[in-house]
Amino acid sequence: MQTSHPKHFAIVPAAGSGARMASDRPKQYLPLLGQPMIRHALATLCAAPEIDKVFVILSVGDAEWARYDWRDLEPKLVPLFCGGPTRADTVLAGLRAIAGEASAGDWVLVHDAARPCLAPWHIDKLVRELAHDEVGGLLGVQVADTLKRADEHRQVAATVPRDSLWQAQTPQMFRYIMLRRALEGARNVTDEASAIEAAGLRPRLIEGDATNLKVTYPLDLHLAEWILNNREGMN
C-alpha cells in the first residue's frame, strides 16, 4: 500500500429515490436555495483543495441530472451512471468504475447526497486527522439526547446509556482497496464504516458538528436552508 502522497477521491452515491420525502422526484434533486440539493455538497467537495476528483454515482435511468448545468464544477466533477439498488451496491459500483484511476492506497471519501451542509472545515479536519491512520474513519457527533429502547408495543423497554454513543455522519474516508474489499464482503450495510467493521477493523471517529445534517424529512430542508443562510462564522 502506498504511503506517500496518496490521492483523495470523493464518491457521492445518488441513485436513491428518497421515498420518505413524499416527493415526485429523487430527494437529491429537491430545490434548496434555488439549486438542486445535491449541488451544495458537490460544490463544496469540488472546491476542496484536498480532493482530486469527485464522482457522483447515479442510477442508470437518471433523467434529472441532464436538466441542470454542472459545467462550473467540471472537470473535477464526473457523473457515473452505474448506481445499484442499495447504497452499498452504488458505492461498490463506483469503486469498480474508478479502478483504473485509483491506486490501492488512495483515499476515498464517501459522502451522502442528502447532506447539503457539508463545510470546507469538515473535509479539512477529516483529511488532516486521518492522514496517517491505518484504517480511516468518519465524521460523527456524540449523542446528546437520552435514548430509549422500545418494545413491540412502543413502550419503553430500557434506557440506553449514551456515554459512548455517536451519530455517524459523512464523509467516511477509507483506503480504496480496503473499502472495496470490505463492501464486496458485506453488502447489507447502511454505511461504509459498517463494512469496514464487518471486516474486523475499527474506524476512527472524528468529531464533526450538528450542522452537517442529513435531509430525511421535509422539515429537514428548512433546517438545511437556515444553516446555509447563517453559516458565516460557525466554524
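All values derive from a computational prediction rather than experimental measurement. Hydrogens, waters and symmetry mates are skipped; everything else that's a heavy atom, side chains included, is used.
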Heavy atoms only: give me the nearest [X]-[Y] pair and the separation to one decimal.
X: Trp107; Y: Ala131; result: CZ2-O, 3.9 Å
X: Ala182; Y: Ala199; result: CB-CB, 4.4 Å
X: Asp151; Y: Ala157; result: N-CB, 4.1 Å
X: Ala97; Y: Leu80; result: CB-CD1, 3.9 Å

Distance from [X] atom [atom1] to [Y] atom [atom2], nearest 0.5 Å?
X: Phe9; Y: Lys53; atom1: CZ; atom2: NZ; value: 7.0 Å
X: Asp209; Y: Trp121; atom1: CG; atom2: CH2; value: 7.0 Å
X: Ile206; Y: Leu130; atom1: CD1; atom2: CG; value: 4.5 Å

Taking the side chain as C-beta and beyond, is there a heavy-atom pair between [X] and [Y] under 4.5 Å?
X: Phe174; Y: Val108; value: no
X: Lys7; Y: Glu50; value: no
X: Val12; Y: Asp112; value: no
X: Thr159; Y: Leu147; value: no
X: Val135; Y: Met178; value: yes
X: Thr44; Y: Pro120; value: yes
X: Arg87; Y: Thr190; value: no

Stepwise salt bridge (Lys or Arg N to Asp or Glu O under 4.0 Å) check, Asp145 with Arg162 = CA-CA 8 Å; Asp145 297 322; Arg162 68 187 181 199; over 6 Å; no
Using a strict 4.0 Å threshold on nitrogen-to-oxygen distance, state whether Glu129 and Arg204 make a salt bridge.
->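 Yes.
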Donor-acceptor under 3.5 Å ([X] side chain, [Y] main chain):
X: Lys76; Y: Cys46; answer: yes
X: Lys214; Y: Asp220; answer: no
X: Gln169; Y: Leu139; answer: no
X: Arg231; Y: Cys117; answer: yes
X: Arg175; Y: Asp106; answer: no

Stepwise side-chain contact (heavy atoms from CB on, under 4.5 Å) test for Glu225 and Leu33 | CA-CA 7 Å; Glu225 183 175 330; Leu33 296 179; 3.4 Å; yes
Assess whether atom CZ of Arg181 is packed by more than 12 heavy atoms of other residues, nucleotides or ligands within 6.0 Å.
->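 No, because the 6.0 Å sphere around CZ of Arg181 holds 12 heavy atoms or fewer from other groups.
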Could you label the plane-to-plane angle of the Tyr68 and Tyr29 rings as parallel, tilted or perpendicular, counting under 30° as parallel and over 60° as perpendicular?
->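 Rings of Tyr68 and Tyr29: parallel, under 30°.
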How would you list, by chain and number, every residue that makes a side chain to side chain donor-acceptor pair (under 3.5 Å) with Arg71, sequence neighbours excluded?
->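 Testing Arg71 for side chain to side chain donor-acceptor pair (under 3.5 Å), a comparison that skips the adjacent residues, returns Asp69.
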